[in-house]
Amino acid sequence: MASLNNGTTIVHKLTIEALLSVTPYKLIDQRLVRRVFAKDPVGSAIFRRCLHVLLYYRNVNEEDSGSLFAGWAKESLARALYEQPLLSGRLRRGEDGDGELEIVSNDSGARLVEAQMNITLSEFLELKEKEEAEAQLVSWNDIDEHNPQFSPLFYVQVTNFQCGGYSVGISCSLLLADILVKDNFLNNWANMHNNILSNNNESKKPVFYLPNLKTNGYSPANIISHSPTNDCGQTMHFKVTIENENSDGEFFQSLALLCVEETESKLGSTMASEFSLFVKENSEVIKIEKYSKHGHVNPQLGLKTQVTCAGWDEYLGANEVTFRDGNRPMHVSYWIGSIFDGLVIAIPPLNQATLGVNILVTIPNENKL
């Protein structure tokens, strides 16, 4: 239940109308593996944490709707996943199920969900509790910590509004979120989508077009969950460039602490004394550990070391993601789910020629000073 700004209370109901798996359009010749080193996987919440990106689009003409987008996305997402096969892979334990955690690109597939919301897009964006309601527009099931090999790591939810507008909600395991950031996945997918539309001028509707296929009364509503937004937090981003290529792990940990202190000062919030630190060392390794704010000394930054603040869009460029030429998002939302004690993520810079690291700091919403 939510209220409009004029005080009128309405009940907005989301209906899940279709759910399917999307695998890469060709088999992956070489399996990619990303090792996940975590001393306490459950305590670090690696099975729960994910990055959500939510894009809203107007209905600009009769050839643009959520159902049409979802139908064409069956093909375009398959091509995008072929370029980034880890997104359609699974988390598993190596060495016959008893070893370290690893993500393997085994072509298991991402999930594509189509849903219907019973209000217009403009009404939804004007909801007083819009941020809470947005949780319905992204799909995510926590990874099964006992049998992780069966859990998808990437979801796309297309939600149709009564006006013809629609939203595209992306949910990605935090273990793979750097692919969205560093490898510009969303824009690459949008380019592939536009190419498919250009090459299918004679076909106005895709093969998978739900209004033509849906059986009345069928709704797979109980097999997709929606994470509440009250467990998310505020995020700040920092770009760090350094002179020394051989800076060790302790140096980057100290940089992370420096960014935490800057975030606390800017947001007026406080990080827990112990928080999770995700360090993306390279494409094959990610490390997760608990890190304490106490007992560490801030680094003495040299003249050629710079720390600057950045925004979500500088990382993802989602405001420019056009799945149909000329139709840019009218609004974009971002958040990271399952933030309890706080979180710091360190990933390589966007420019391979730049020495340094990108640091994202997320502080729980309830930790206001």
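Inter-residue side-chain proximity for Tyr334 and Thr235 is flagged as unmet; no heavy-atom pair is nearer than 4.5 Å. At least one side-chain heavy atom of Phe161 sits under 4.5 Å from a side-chain heavy atom of Leu137. With a 4.5 Å cut-off on side-chain heavy atoms, Val22 and Val156 do not count as touching. At a threshold of 4.5 Å between non-hydrogen side-chain atoms, the residues Ile363 and Gln234 do not count as touching. The closest side-chain heavy-atom distance from Cys309 to His237 is not below 4.5 Å.
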TODO: Would you please test Ser269 and Glu264 for side chain to side chain contact (heavy atoms under 4.5 Å, CB included) and show each step?
DONE: CA-CA 5 Å; Ser269 303; Glu264 291 178 328; 5.9 Å; no
Task: side chain to side chain contact (heavy atoms under 4.5 Å, CB included) assessment of Phe275 paired with Val260 - done: CA-CA 10 Å; Phe275 55 87; Val260 167; 4.0 Å; yes
- [ ] Output, in order, the C-alpha distance, side-chain angles, deciding distance and verdict of side chain to side chain contact (heavy atoms under 4.5 Å, CB included) for Leu258 and Phe238.
- [x] CA-CA 10 Å; Leu258 183 69; Phe238 301 88; over 6 Å; no
Task: Stepwise side chain to side chain contact (heavy atoms under 4.5 Å, CB included) test for Asp142 and Phe47 - done: CA-CA 6 Å; Asp142 290 341; Phe47 301 107; 5.6 Å; no
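Counting only distance, with no hydrogens or angles, the side chain of Glu123 and the backbone of Thr120 share a donor-acceptor pair below 3.5 Å. A distance-only check finds a donor-acceptor pair linking the side chain of Thr263 to the backbone of Cys259 [under 3.5 Å]. Proximity of a side-chain donor or acceptor of Lys266 to a complementary backbone N or O of Glu261 within less than 3.5 Å is not detected.
For the salt bridge (Lys or Arg N to Asp or Glu O under 4.0 Å) condition, the pairs that include at least one residue of residues 23-35, sequence neighbours left out, are Arg31-Asp107, Arg34-Asp178. The list of salt bridge (Lys or Arg N to Asp or Glu O under 4.0 Å) pairs with a residue in residues 78-87, not counting sequence neighbours, reads Glu75-Arg79.
In this structure Ser108 satisfies the side chain to side chain contact (heavy atoms under 4.5 Å, CB included) test together with Arg90, Asn106, sequence neighbours excluded. Evaluation of the ring pair (Phe, Tyr, Trp, His ring centres under 6.0 Å) rule for Phe185 yields Phe154 as partners, not counting sequence neighbours. Considering only residues two or more places apart in sequence or on other chains, Tyr25 meets the ring pair (Phe, Tyr, Trp, His ring centres under 6.0 Å) condition with Tyr82. Taking the side chain to side chain contact (heavy atoms under 4.5 Å, CB included) definition, one finds that Ser88 meets it with Pro24, Leu81, sequence neighbours left out. Every side chain to side chain contact (heavy atoms under 4.5 Å, CB included) that Glu284 has, sequence neighbours left out, goes to Asn282. Every residue two or more places apart in sequence or in another chain that forms a side chain to side chain contact (heavy atoms under 4.5 Å, CB included) with Ser333 is listed here: Leu54, Tyr56, Lys130, Glu134, His331, Trp335. Applying the ring pair (Phe, Tyr, Trp, His ring centres under 6.0 Å) test to Phe278 and every residue at least two apart in sequence or in another chain returns nothing.
Around the NZ atom of Lys287, the shell of radius 6.0 Å holds no more than 12 heavy atoms that belong to other residues, nucleotides or ligands. More than 12 non-hydrogen atoms from other residues, nucleotides or ligands lie less than 6.0 angstrom from NZ of Lys290. For Arg324, the CZ atom counts as densely surrounded, since its 6.0 Å shell holds more than 12 non-hydrogen atoms of other residues, nucleotides or ligands. Open room surrounds NZ on Lys239; 12 or fewer heavy atoms of other groups in view lie less than 6.0 Å from it.
Scanning all heavy atoms of the two residues, the minimum distance from Gln30 to Ser105 falls at O-OG, 4.3 Å. Shortest non-hydrogen contact noted between Leu14 and Gln157 is CD2-NE2, 3.9 Å. Here the closest heavy-atom approach between residue Ser338 and residue Arg49 is recorded as O-NE, 2.8 Å. For the pair Val321 and Phe323, the tightest heavy-atom approach, listed with the atom from each and the gap, is CG1-CE1, 3.6 Å. Across all their heavy atoms, Asn327 and Arg58 have their closest contact at ND2-O, 3.1 Å. Contact detail for Ile345 and Ile336: the closest heavy-atom pair is CD1-CD1, 4.3 Å.
Here the straight-line distance linking atom CG of Asp341 with atom OG of Ser276 works out to 4.5 Å at 0.5 Å rounding. Atom CD in Gln162 sits 11.5 Å away from atom CG in Leu121 (nearest 0.5 Å). Rounding to the nearest 0.5 Å gives a distance of 11.0 Å between OG1 of Thr15 and CG of Asn160. One finds the OG atom of Ser151 at 8.5 Å from the CG atom of Leu91 (value rounded to the nearest 0.5 Å). The distance from the CG atom of Asn319 to the CZ atom of Arg328 is 10.0 Å, given to the nearest 0.5 Å. Between Leu277 atom CG and Ile359 atom CD1 the span is 8.5 Å, to the nearest 0.5 Å.
Side-chain atoms of Ser67 and Ser65 include no donor-acceptor pair closer than 3.5 Å.
In the hydrophobic cluster analysis, where Ile, Leu, Val, Met, Phe, Trp and Tyr join through side-chain heavy atoms closer than 4.5 angstrom, Ile179 is grouped apart from Val33. In the hydrophobic cluster analysis, where Ile, Leu, Val, Met, Phe, Trp and Tyr join through side-chain heavy atoms closer than 4.5 angstrom, Leu27 is grouped apart from Leu87. When the side chains of ILVMFWY residues are joined at heavy-atom separations under 4.5 Å, either directly or via intervening members, Leu32 and Val104 end up in two distinct hydrophobic clusters. Cluster membership for Leu20 and Trp140, using ILVMFWY side-chain heavy atoms within less than 4.5 angstrom, is shared.
Summarising the hydrophobic clusters (Ile, Leu, Val, Met, Phe, Trp, Tyr; side-chain heavy atoms under 4.5 Å, direct or chained), the residues clustered with Val285 are Phe37.
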Atom pairs and distances, donor-acceptor, side-chain atoms in residues 188-197, under 3.5 Å, two or more places apart:
unit_1: Asn188; atom_1: ND2; unit_2: Asp183; atom_2: O; d: 3.1
unit_1: Asn188; atom_1: ND2; unit_2: Asn184; atom_2: O; d: 3.2
unit_1: Trp189; atom_1: NE1; unit_2: Ser76; atom_2: OG; d: 3.0
unit_1: Asn191; atom_1: ND2; unit_2: Asn187; atom_2: O; d: 3.3
unit_1: His193; atom_1: ND1; unit_2: Ser76; atom_2: OG; d: 2.8
unit_1: Asn194; atom_1: OD1; unit_2: Asp325; atom_2: N; d: 3.1
unit_1: Asn194; atom_1: ND2; unit_2: Ala190; atom_2: O; d: 3.0
unit_1: Asn194; atom_1: ND2; unit_2: Thr322; atom_2: O; d: 2.6
unit_1: Asn195; atom_1: ND2; unit_2: Asn191; atom_2: O; d: 3.2

Distance-only criterion, 3.5 Å: show the donor-acceptor pairs between side-chain atoms of residues 164-175 and protein atoms not counting sequence neighbours.
unit_1: Tyr166; atom_1: OH; unit_2: Asp64; atom_2: OD1; d: 2.8
unit_1: Ser171; atom_1: OG; unit_2: His52; atom_2: ND1; d: 2.9
unit_1: Ser171; atom_1: OG; unit_2: Ser139; atom_2: O; d: 2.9
unit_1: Ser173; atom_1: OG; unit_2: Leu175; atom_2: N; d: 3.2

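Arg93 and Asp144 are not joined by a salt bridge, as no carboxylate oxygen comes within less than 4.0 angstrom of a charged side-chain nitrogen.
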